[in-house]
Student: 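Quick one: the structure is below, questions incoming.
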Number of protein chains: 2
Amino acid sequence: MSGDRDNKVINRRRLLGTTAAAGVAGAAGSATVSQLVGPAEAQTRQQQQARQQARPAQQRYEVKPGELDEYYVFFSSGQSGEVRIYGLPSMRELMRVPVFNRDSATGWGQTNESLKVLTEGLTPESKEYLGKISQATFDAGDLHHPHPSFTDGTYDGRYLFANDKLNTRVCRIRLDVMKCDKIIQLPNQHTVHGLRVQKYPRTGYVFCNGEDRVPVPNDGRDLDKPENYRSIFTAVDGDSMGVAWQIIVDGNLDNVDADYQGKYAFATCYNSEGGVTLADMMAAEQDWVVIFNLKRIEDAVKRGDYREIGGVPVLDGTKGSPFTRYVPVPNSPHGINTAPDGIHVVANGKLSPTVTVFDVRKFDELFEDKIKPRDTVVAEPELGLGPLHTAYDGKGNAYTTLFIDSQVCKWNIEAAKRAFRGEKVNYIAQKLDVHYQPGHNHTSMGQTKEADGKWLISLNKFSKDRFLNVGPLKPENDQLIDISGDRMVLVHDGPSYAEPHDATIVHRSKINPVHAWKRDDPFFADAVKQAQADGVDLMADSKLVRDGNKVRVYMTSMAPQFGLEEFRVRQGDEVTVYVTNIDQVEDLTHGFAVINYGISMEVPPQATASVTFMAHRPGVHWYFCTWFCHAMHMEMKGRMLVEAQNA
Amino acid sequence: MSGDRDNKVINRRRLLGTTAAAGVAGAAGSATVSQLVGPAEAQTRQQQQARQQARPAQQRYEVKPGELDEYYVFFSSGQSGEVRIYGLPSMRELMRVPVFNRDSATGWGQTNESLKVLTEGLTPESKEYLGKISQATFDAGDLHHPHPSFTDGTYDGRYLFANDKLNTRVCRIRLDVMKCDKIIQLPNQHTVHGLRVQKYPRTGYVFCNGEDRVPVPNDGRDLDKPENYRSIFTAVDGDSMGVAWQIIVDGNLDNVDADYQGKYAFATCYNSEGGVTLADMMAAEQDWVVIFNLKRIEDAVKRGDYREIGGVPVLDGTKGSPFTRYVPVPNSPHGINTAPDGIHVVANGKLSPTVTVFDVRKFDELFEDKIKPRDTVVAEPELGLGPLHTAYDGKGNAYTTLFIDSQVCKWNIEAAKRAFRGEKVNYIAQKLDVHYQPGHNHTSMGQTKEADGKWLISLNKFSKDRFLNVGPLKPENDQLIDISGDRMVLVHDGPSYAEPHDATIVHRSKINPVHAWKRDDPFFADAVKQAQADGVDLMADSKLVRDGNKVRVYMTSMAPQFGLEEFRVRQGDEVTVYVTNIDQVEDLTHGFAVINYGISMEVPPQATASVTFMAHRPGVHWYFCTWFCHAMHMEMKGRMLVEAQNA
């Protein structure tokens with residue numbers, strides 16, 4: 001059953017090589033239309049563009065002052081390390097959720113509550129490393145793929161999951177309060193790139209692609225033996241945020257998706273060569289899509305058929321294993337996307353102008369060795385240069401980003417299947433210019449069985465001349481496209497900071513956040529527990545408790561006053577300040593900041609937040625409320641009096 | 001000349017007391033119209049609103065895909081610590097400029113270049129404190145007032161200045177590259193709140209209000225002697241980013257502005273009581289506007305008539321000094337704004353429903369003691385509840401935010417002056433509801449002599465029900481208002497993250513950023529110097545230089561490859577990686593990130609960036625490019641091989 005010999009694919013591909021490189025390096029970027037499709041089709045396209053410009057938008061896309069958006073969009077932020085919540089169609093950023101980054105406003109990375117989230121899931125090796133450089137946690141991250149939890153094939157409004165490519169972490173964001181409550185660092189694995197979640201029966205698993213190959217364990221051994229390097233695929237349990245299992249694979253995993261049956265996950269896989277240089281990684285003519293058989297893996301874990309490494313069960317899923325199948329596709333495939341029909345899965349060619357369409361109903365037979373890997377392929381349409389990701393409208397159409405062409409290609413799945421069977425049929429419905437070099441794209445509800453075919457976002461990596469010049473670093477450009485009619489219509493250019501890689505569009509009916517925290521929330525349970533031990537009622541008391549060199553300062557906040565207008569400590573004390581916002585009012589967030597101590601944190605309505613610092617600096621230090629809360633907000637302040645050590 | 005006895009003002013004020021508090025705490029917030037203005041005027045206003053809703057926008061405010069905005073808006077971000085660049089009228093965020101915050105994407109706070117900016121201007125006391133907690137610099141800030149440099153009364157496109165309320169710092173952003181190049185921490189002073197710049201002949205001075213009163217020096221002395229606390233006003237030299245002079249004042253300085261003649265700066269001042277509790281600060285019936293005589297101060301500094309404290313010249317400007325005048329105004333004034341006519345200055349009442357209008361032409365006579373402080377007041381119109389800031393259209397009209405009323409009030413300066421002289425004249429042109437609780441506002445070019453009267457932004461502190469619910473923490477709401485016609489028209493709700501306090505709208509003709517860095521830029525001159533010492537040509541060479549336990553790794557980056565596909569160090573080495581982006585292409589930024597080391601930095605076109613870290617973690621660690629740069633971007637990576645110490 002070796003996929004290497006099953007090379008129908010190789011005859012169909014067209015390697016791009018230097019053309020691809022030139023196209024991007026030129027930054028004007030896209031090949032001309034006639035280069036791609038020939039003069040005749042180019043003319044047709046110009047006519048289409050003229051028609052398109054003449055017609056009005058197919059649906060309303062202005063959101064007037066005071067009107068609400070219809071969709072939430074959860075954007076990853078790439079190397080910014082946060083999650084961003086937008087409204088659609090207005091494409092306004094409604095909120096930032098700090099995750100792998102440090103956030104000055106909320107004190108994320110400084111409050112005890114956030115440090116617990118950021119540190120408790122780190123591997124022992126990371127804790128040791130961070131300890132040596134006097135840091136509690138990492139200050140940076142690279143957040144790529146934000147995906148909400150599912151129940152029965154659609155979003156259930158519980159959680160959003162995302163990965164950190166920089167430090168091999170996975171986070172969970174609670175959608176009731178829009179804060180990150182859990183972060184786990186994956187052992188054994190070196191980086192997480194692709195991440196998606198189990199769609200059925202529920203999430204369940206969070207699937208995490210290990211991209212880079214390293215020695216396992218990665219402790220200095222085998223530095224120069226790349227043949228001993230391993231790449232790992234991890235299933236995280238989304239409920240416990242622990243590792244359910246890991247499985248070793250060949251090659252570098254790129255993107256991942258899952259089926260609607262709860263039976264399979266599948267990942268694109270490049271560097272089947274196991275190379276460590278660009279030339280090596282590009283050597284072979286084809287790479288793979290790797291399919292994971294969840295039932296077989298679970299059964300093996302259940303019967304103890306695994307090695308435990310780094311405290312988690314690790315299986316062998318390299319070629320030939322019963323747990324996986326490797327389906328050959330053209331060199332360096334990138335995105336992989338399951339269609340809302342529950343049947344089709346598209347792997348995007350990147351260096352091939354084609355995408356490869358699988359029928360998941362054939363995977364059972366593949367694992368039973370009744371068919372060959374390539375027999376699962378039901379279409380392989382040629383779309384244009386640099387296909388990276390595909391989204392769906394739920395009406396049988398697919399929308400594929402063409403990185404090098406700087407276009408979105410709308411094509412029909414059934415027509416592509418007919419063409420694959422030899423019929424002469426045009427499966428391409430439209431190509432729309434985007435600006436420029438699109439990566440991920442996403443349709444409204446398009447990754448669920450409830451895809452509604454209204455909106456498409458194209459996340460473009462270059463913006464160049466589309467916005468006022470802001471210096472050498474330019475924004476990305478997330479463009480909004482109306483797909484509700486026969487033709488795609490570009491309606492909005494959305495500049496964004498470095499660098500959204502992916503987004504998920506969720507109908508507002510699926511999300512129901514609260515306006516104030518509940519007092520029994522686990523997020524600040526440690527503070528509540530400490531207060532109980534100190535005999536302090538957080539909602540009423542403001543007082544200082546000294547415990548040797550440790551000082552705990554409890555205070556309420558209610559606009560425009562803190563419960564304490566002063567407190568006194570000694571130089572060298574370890575001070576923990578607990579602030580409880582007893583205001584009940586919606587949107588009445590307080591802050592607590594200490595001047596020249598660099599302390600700044602958010603205290604949302606009905607929550608307790610705490611921060612610990614060393615009072616190494618003597619003198620009068622005013623603390624103040626950072627969130628404008630009242631006409632007398634400027635006067636909402638107090639004094640921390642730090643007695644000098646020699647006083 | 002005591003202003004205390006000059007109490008015309010006191011008869012005119014109306015203290016708000018509990019009404020103000022109730023208005024905000026209710027969060028629905030604004031008093032009803034009839035509470036404020038009586039039923040008759042309320043009816044008129046409803047009619048006005050109906051008219052307003054019926055009329056179309058007075059100018060174009062849609063920016064279609066690919067079109068450019070007409071204005072840059074530089075937003076402060078409050079406790080987020082960054083500066084944000086928006087386009088107007090689209091109100092899209094075009095870029096973030098990290099300043100007092102840590103930024104995961106660019107490595108701000110991690111690269112050697114940014115750490116130099118962040119640390120070299122800190123006071124010795126801060127350096128000592130940070131050293132004790134094993135930190136190089138502060139991780140958080142509270143950036144309030146972004147103001148561009150002037151030449152001859154208008155923007156000259158050189159710099160933007162802003163303050164950090166949290167750690168008493170002032171920053172400078174270069175508008176050619178849109179990066180912060182200098183940060184200074186002010187000695188003696190405890191926090192900077194208000195900041196504005198000299199308008200004429202040029203900037204020149206950056207005026208920095210010390211808000212809170214503390215002992216000087218603040219080393220543990222006089223903790224319990226508030227009578228010995230001092231508040232300080234600082235003039236920073238915007239060219240050298242050093243302190244030009246400081247001057248001790250009475251009370252807490254709030255906001256500041258300067259004239260168009262280059263003679264005076266003036267600040268609102270609350271807590272004339274010198275209190276340390278809310279009750280104390282509210283005790284007196286009036287506070288002040290403090291006027292600074294720049295010529296007299298400069299002459300005193302020139303002749304050495306000052307004390308040197310903390311390495312800078314400090315003058316005494318308390319009441320009775322020749323350098324200052326204290327003009328009584330109602331309790332707790334907030335914003336102060338110079339009109340584009342070069343004549344009028346408005347101090348906003350906050351707890352009084354009035355604003356106080358000064359004529360700067362009278363300040364000469366005031367300092368010559370020919371008139372009394374209040375004789376400089378030429379109008380004191382009553383506008384509504386909670387006036388905080390005033391902006392101008394260059395046509396004689398002023399726009400004042402009413403925090404408690406949640407309105408912007410448009411009024412006419414000349415009409416208000418006639419009313420002040422006793423005429424029966426209606427100076428209020430229109431009140432527009434905003435959503436909700438506005439703080440700062442700003443008009444297009446409105447703080448220059450080139451105010452053009454097209455746009456007004458109202459920066460509202462609460463958004464509540466204006467956007468999809470994103471949990472307990474809500475965005476602010478920066479609303480765009482068309483002021484080009486007779487009536488203000490609200491055209492856009494702009495959600496924003498915590499918490500823009502101020503903004504400056506600059507016509508795009510004033511700003512000319514570059515697309516790539518120049519190789520002789522001082523920003524990375526240290527790296528260039530080190531490379532020269534190591535015999536390395538940064539634009540061509542990729543090599544490792546070992547110097548004992550210090551290792552310097554030089555590499556180029558050009559899509560899709562780093563100059564080195566691997567480098568080797570020993571566990572415990574201090575490693576500095578210098579990456580030089582030799583791509584010339586506009587918008588082709590690279591990044592450099594090291595997996596499980598938390599290292600992530602931006603390398604913009606034609607720039608060198610560097611980062612230093614301890615190789616405490618053995619094993620194979622892949623580094624990769626974080627900014628999508630090429631179809632083969634995913635493959636732009638290499639291996640850092642860290643030999644184990646015991647190997």
Side-chain angles (χ1 to χ4, degrees), chain A residues 20 24 27 65 79-81 85 87 92 94-96 101-102 104-105 129 132 134 138 140 177-178 191 212 214 218 220 223 277-278 386 461-462 464 467-472 474 490 493 495 497-498 513 565 585 587 595 598 600 604 616-620 622 626 628 630-631 635 641 644 647, chain B residues 20 24 27 65 79-81 85 87 92 94-96 101-102 104-105 129 132 134 138 140 177-178 191 212 214 218 220 223 277-278 386 461-462 464 467-472 474 490 493 495 497-498 513 565 585 587 595 598 600 604 616-620 622 626 628 630-631 635 641 644 647:
Chain A
V24 180
Q79 58 271 39
S80 297
I85 308 172
R92 295 172 296 188
L94 302 178
M95 186 48 58
R96 303 182 188 176
N101 59 325
R102 277 281 281 112
S104 170
Y129 166 65
K132 283 182 180 164
S134 302
F138 297 103
V177 291
M178 300 292 182
T191 193
D212 293 313
V214 294
N218 190 21
L223 294 183
T277 65
L278 182 61
K461 300 297 188 177
F462 293 78
K464 265 195 321 165
F467 305 110
L468 286 180
N469 182 14
V470 289
K474 316 290 187 199
L490 176 65
D493 277 22
Y497 191 61
E565 288 200 309
V585 176
D587 199 4
I595 291 172
S600 179
H616 280 313
R617 187 170 198 162
V620 176
W622 289 84
T626 40
F628 215 105
H630 192 279
E635 290 82 356
L641 307 174
Chain B
V24 180
Q79 57 270 41
S80 296
I85 307 173
R92 296 173 295 189
L94 302 177
M95 186 48 57
R96 303 182 188 177
N101 58 325
R102 279 278 282 113
S104 171
Y129 166 67
K132 284 182 180 163
S134 302
F138 297 102
V177 290
M178 300 291 181
T191 192
D212 292 312
V214 295
N218 190 19
L223 295 184
T277 65
L278 183 61
K461 300 296 185 177
F462 293 78
K464 265 196 320 164
F467 306 111
L468 287 181
N469 182 12
V470 289
K474 316 290 186 198
L490 176 66
D493 277 21
Y497 190 61
E565 288 200 309
V585 176
D587 200 4
I595 291 172
S600 179
H616 281 313
R617 187 170 197 162
V620 176
W622 288 84
T626 40
F628 215 107
H630 192 278
E635 291 81 356
L641 307 174

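The analysis underlying the following values was restricted to heavy atoms, covering all of them including side chains, and did not include hydrogens, waters or symmetry mates. Chain A is the first sequence line, chain B the second, and so forth, proteins listed ahead of strands; every chain is numbered from 1.
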Student: Please determine, among B:Pro495, B:Ser134, B:Gly471, B:Pro65, the option with the most heavy-atom pairs under 4.5 Å with chain A.
Tutor: B:Pro65

Student: Between B:Leu223 and chain A, with a heavy-atom cut-off of 4.5 Å, which part of the residue counts as in contact: side chain, backbone, both or neither?
Tutor: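 Both backbone and side chain.
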
Student: Which distance, rounded to the nearest 0.5 Å, do you find between the CG of A:Leu94 and the CG of B:Leu468?
Tutor: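 It comes to 6.0 Å.
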
Student: For the interface with chain B, which of A:Ile85, A:Leu278, A:Thr191 has the highest count of heavy-atom pairs at distances below 4.5 Å?
Tutor: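 Option with the greatest count: A:Leu278.
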
Student: Looking only at non-hydrogen atoms, find the nearest pair between A:Tyr497 and B:Met95 and report the distance.
Tutor: CE1-SD, 3.7 Å

Student: Restricting to salt bridge (Lys or Arg N to Asp or Glu O under 4.0 Å), what partner residues turn up for B:Lys474, sequence neighbours left out?
Tutor: none

Student: Please determine, among A:Arg617, A:Arg102, A:His616, A:Met178, the option with the most heavy-atom pairs under 4.5 Å with chain B.
Tutor: A:Arg617

Student: Closest approach of A:Gly81 and B:Ser104, non-hydrogen atoms and distance?
Tutor: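 What the structure gives for the nearest pair is N-OG, 4.2 Å.
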
Student: Can you tell me which of B:Gly87, B:Ala498, B:Pro604, B:Ser600 forms the most heavy-atom pairs within a distance under 4.5 Å of chain A?
Tutor: B:Ala498

Student: For the pair A:Glu565 (side chain) and B:Thr277 (backbone), establish whether a donor and an acceptor sit closer than 3.5 Å, ignoring hydrogens and angles.
Tutor: no

Student: For a quick test of reading the model, state the closest non-hydrogen atom pair linking A:Gly598 to B:Ala140 and the distance between them.
Tutor: O-CB, 3.6 Å

Student: Taking side-chain hydrogen bond (donor to acceptor under 3.5 Å, both in side chains) as the test, write out the residues that go with A:Asp587, two or more places apart.
Tutor: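 A:Asp587: no side-chain hydrogen bond (donor to acceptor under 3.5 Å, both in side chains) contacts found.
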
Student: Give a yes or no on whether the backbone of A:Gly619 and the side-chain of B:Asn218 come within a donor-acceptor separation of less than 3.5 Å.
Tutor: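 Not at all, since once roles are kept as given, no pair shorter than 3.5 Å links the two residues.
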
Student: Which heavy atom in A:Thr626 sits nearest to a heavy atom in B:Gln79, and how many Å separate them?
Tutor: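 Nearest pair, atom of A:Thr626 first, then B:Gln79: O-NE2, 3.2 Å.
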
Student: Can you confirm whether A:Val177 sits close enough to B:Pro472 that some side-chain heavy atom of one is under 4.5 Å from a side-chain heavy atom of the other?
Tutor: yes

Student: For the candidates B:Asn101, B:Asp212, B:Leu641, B:Val214, which exhibits the highest count of non-hydrogen atom pairs separated by less than 4.5 Å from chain A?
Tutor: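 Ranked by contacts with chain A, first place is B:Asp212.
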
Student: Give the minimum heavy-atom separation between A:Arg92 and B:Asp493, together with the two atoms involved.
Tutor: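 Taking A:Arg92 first and B:Asp493 second, the nearest heavy atoms are NH1-O, 2.9 Å.
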
